[in-house]
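Worksheet: the structure to be examined is printed underneath.
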Amino acid sequence: MDPLEHAEAPHRRTREKGAENLKPGCWPPWSRFSSWLECVCVVTFDLELGQAIEVHHDQHLVESSSSSSSGCLGDTQFSFRLRQSVGQKGSRFGPEDTYNRDAPVTLQREVAHYYGFVYFRQVKDVSVKRGYFQKSLVLVSRLPYVNLFHSLLQLIAPEYFEKLEPCLEAVCNEIDQWPSPVPGMTLNLPVMGVVMQVRIPTTNDKLGGSPLRQSQKENLLPAPMVLPTIHELDLFRCFQSLLIHIQMLWELMLLGEPVVIMAPSPTVSSETVLALVSSISPLKYCCDFRPYFTIHDSEFKEYTTRTQAPPNVILGVTNPFFIKTFQYWPHVIRLGELKMSGLSFFVFIVFLFIPGVYTAYKTFLHKDKALIKRLLKGIQRKRPSEAQCAILRRHLLELTQSFIIPLVRRTHYVLVFQTPPQIRPFSQEEFMGTLEHAGPQLTSVLKGDWMGLYRRFFRSPNFDGWYRLRHKEMTQKLELLHLEVICEADLQLWLKDKSEVEIVDLVLKLREKLTKACRQQLPVKDEVLEKLECRIQMVIGSLPEDLQTVLLRH
């Protein structure tokens with residue numbers, strides 16, 4: 001079941017005691033709460049009334065796949081991701097906000113999507129007609145902090161199921177007191193008598209390093225619950241049954257191929273999808289992905305139609321219905337044994353559900369047999385999962401870096417410093433010509449058709465997303481360099497033989513650069529901005545008084 005789909009009108013609550021049923025625009029904004037979460041939802045299933053949703057902090061009412069129908073008794077945690085509905089008010093955090101400027105691209109706030117983190121409880125209850133108590137506590141955010149939010153749910157969900165609303169109201173108030181997430185900072189986040197200590201990653205972090213080993217300059221009180229990472233999953237646990245296919249999975253992610261994950265539970269489904277997306281880090285996965293996808297998702301028809309080729313998306317599913325629906329997809333990964341929960345109608349499907357990877361894809365690169373042998377030997381010797389995960393994560397990181405470095409090197413050296421500075425378009429053919437002497441073979445031991453992999457990558461959404469981001473970064477760097485050059489230039493010498501029209505034009509251009517630097521929130525040093533302002537005033541001072549008055553007034 002999908003409790004946020006077809007939900008009844010939500011009951012909205014405010015921080016003011018006793019305030020109920022406020023209209024959607026009357027709720028006071030919680031700026032600090034909103035920097036972490038969009039809303040907190042409690043979803044209940046009633047046999048007569050259907051699905052009911054209660055929203056405790058509601059900027060946008062969302063639809064989602066937020067409750068499990070796996071038939072598993074007890075508590076279950078999983079994640080989902082959904083597209084923002086058309087007509088909904090966008091996030092107050094734009095793509096140029098300070099957080100996104102300093103955060104790794106893989107952890108930036110999503111503008112058009114939400115992440116949902118679910119704690120679902122299902123226990124037998126004879127007092128309910130359905131025979132089961134079924135309720136979900138859901139955190140909705142634009143931040144992919146899977147470890148942080150699931151850890152938060154582990155603290156608050158059991159307490160909520162015992163004490164209900166008053167407990168959750170107090171939690172929302174506590175989150176509203178948290179400092180906003182700032183890349184590079186270590187934060188203490190108190191909730192329900194426990195202090196969670198987390199570090200928010202930054203673009204300057206050493207890739208592959210542990211946040212706990214990085215020096216901390218902040219003066220923090222001791223915290224009893226330290227999260228070593230806010231987002232990283234145990235890749236070894238997620239991929240343990242797929243180790244011999246790890247090279248192929250990495251290539252499928254790199255190329256943005258359509259992939260379906262058929263899993264025995266929402267937990268396995270969502271963790272596997274998120275692990276696949278993170279396998280090409282620090283490269284951002286630019287296609288769509290749904291950690292837990294159901295027949296009630298709004299994109300169900302869009303993603304299951306057979307009148308067109310499968311879209312570039314990763315779908316994690318658990319419903320046996322999808323076995324037939326996605327049988328024509330090019331890449332299907334089946335995990336574990338399918339649990340039917342007594343549904344004899346689907347017995348014939350069980351025989352079709354044999355765990356494994358079903359694809360006709362041929363890898364461009366050879367398998368790293370040494371890696372697989374090392375990991376398998378680690379299993380035999382009962383090497384700790386943390387160590388196995390570190391080995392696998394390091395391998396995938398080095399593989400991705402070996403692939404990206406030649407691309408970065410090429411875009412770095414095509415800069416043409418003019419006035420204003422420009423970036424020459426990226427030429428695929430010129431790049432391919434450099435691979436023989438400056439390709440990934442310099443940093444990777446893997447053999448294979450690297451050139452073929454690059455040519456396929458150039459046709460993928462991931463390349464388009466990477467190039468757009470790279471072009472933006474280089475443009476901003478050139479803007480900063482240009483500002484510094486202007487601040488150090490001898491403008492007095494330039495002014496000597498210039499007409500008033502040329503001088504006024506220079507003033508307007510310099511002001512435009514100053515405004516642009518502030519509007520784009522470029523990481524410009526204060527002294528550079530001060531110098532630029534002084535240069536503008538100096539140039540204005542060289543003009544007749546009437547022109548000075550006009551320029552200073554405008």
Side-chain angles (χ1 to χ4, degrees), residues 4 24-25 29-41 55 57-66 79-117 138-146 148-149 180-183 200-203 230-231 256 270 273-274 277-278 280-293 297-299 302-303 311-315 460-473 475-476 516 518-523:
L4 294 184
W30 296 6
S31 59
R32 282 179 289 188
F33 181 99
S34 299
S35 67
W36 294 95
L37 295 172
E38 293 289 311
C39 60
V40 178
C41 309
V55 182
H57 181 80
D58 178 24
Q59 284 191 318
H60 318 284
L61 181 60
V62 297
E63 305 172 38
S64 73
S65 313
S66 65
S79 310
F80 63 89
R81 181 175 180 266
L82 67 155
R83 188 183 300 167
Q84 179 173 295
S85 299
V86 177
Q88 284 185 342
K89 185 179 178 181
S91 170
R92 69 186 183 88
F93 300 101
E96 300 294 343
D97 73 83
T98 305
Y99 170 84
N100 276 6
R101 186 192 70 192
D102 299 326
V105 292
T106 55
L107 291 181
Q108 290 179 351
R109 281 194 180 93
E110 294 257 3
V111 177
H113 291 85
Y114 300 106
Y115 288 92
F117 307 94
V138 186
L139 306 180
V140 180
S141 176
R142 294 185 187 271
L143 296 168
Y145 292 172
V146 58
L148 171 61
F149 290 130
S180 296
V182 178
I200 310 301
T202 176
T203 53
I230 60 172
H231 68 288
S270 59
V273 171
L274 293 175
V277 169
S278 70
I280 60 171
S281 180
L283 186 67
K284 182 178 181 179
Y285 184 80
C286 296
C287 306
D288 196 4
F289 59 95
R290 302 303 172 90
Y292 181 45
F293 185 76
D297 277 86
S298 56
E299 289 82 25
E302 175 185 344
Y303 286 164
N312 300 98
V313 61
I314 313 173
L315 300 179
S460 74
N462 284 334
F463 171 71
D464 183 65
W466 174 84
Y467 183 71
R468 288 174 184 273
L469 179 63
R470 181 66 180 168
H471 190 277
K472 176 183 174 182
E473 291 175 348
T475 300
Q476 289 184 344
K516 188 177 180 181
C518 297
R519 186 175 66 249
Q520 289 188 342
Q521 294 183 311
L522 296 175

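Please read all numbers here as calculations on a predicted model, not as lab measurements. Side chains are part of it too, since the values below use all heavy atoms of this structure and drop only hydrogens, waters and symmetry mates.
- Going from atom OG of Ser141 over to atom CZ of Phe117 covers 6.0 Å, rounded to the nearest 0.5 Å.
- For the pair Ser180 (side chain) and Ser35 (backbone), a donor-acceptor distance under 3.5 Å is absent.
- At a threshold of 4.5 Å between non-hydrogen side-chain atoms, the residues Cys287 and Val313 do not count as touching.
- Rounded to the nearest 0.5 Å, atoms CG (Leu148) and NE2 (His231) are 12.0 Å apart.
- Using a 4.5 Å cut-off on side-chain heavy atoms (C-beta onward), Asp288 and Asn312 make no contact.
- Both the sub-6.0 Å distance and the 45° axial angle are satisfied by Arg81 relative to the ring of Phe289.
- Among Glu38, His113, Arg142, the single residue meeting the side chain to side chain donor-acceptor pair (under 3.5 Å) criterion with Gln84 is Arg142.
- For the atom pair Phe463 CZ and Cys286 SG, the distance stands at 11.5 Å (nearest 0.5 Å).
- At a threshold of 4.5 Å between non-hydrogen side-chain atoms, the residues Thr106 and Tyr285 do not count as touching.
- Annotation: the span from Phe80 atom CZ to Tyr292 atom OH amounts to 11.0 Å, rounded to 0.5 Å.
- The distance from the CD1 atom of Ile280 to the CG atom of Asn462 is 4.5 Å, given to the nearest 0.5 Å.
- Arg83 has a carboxylate O that lies under 4.0 Å from a charged side-chain N of Glu302, or vice versa, which qualifies the two as a salt bridge.
- Asp297 and Tyr303 share no donor-acceptor pair across their side chains, judged by distance under 3.5 Å alone.
- Contact check for Ser79 versus Tyr115: no side-chain heavy atoms found under the 4.5 Å cut-off.
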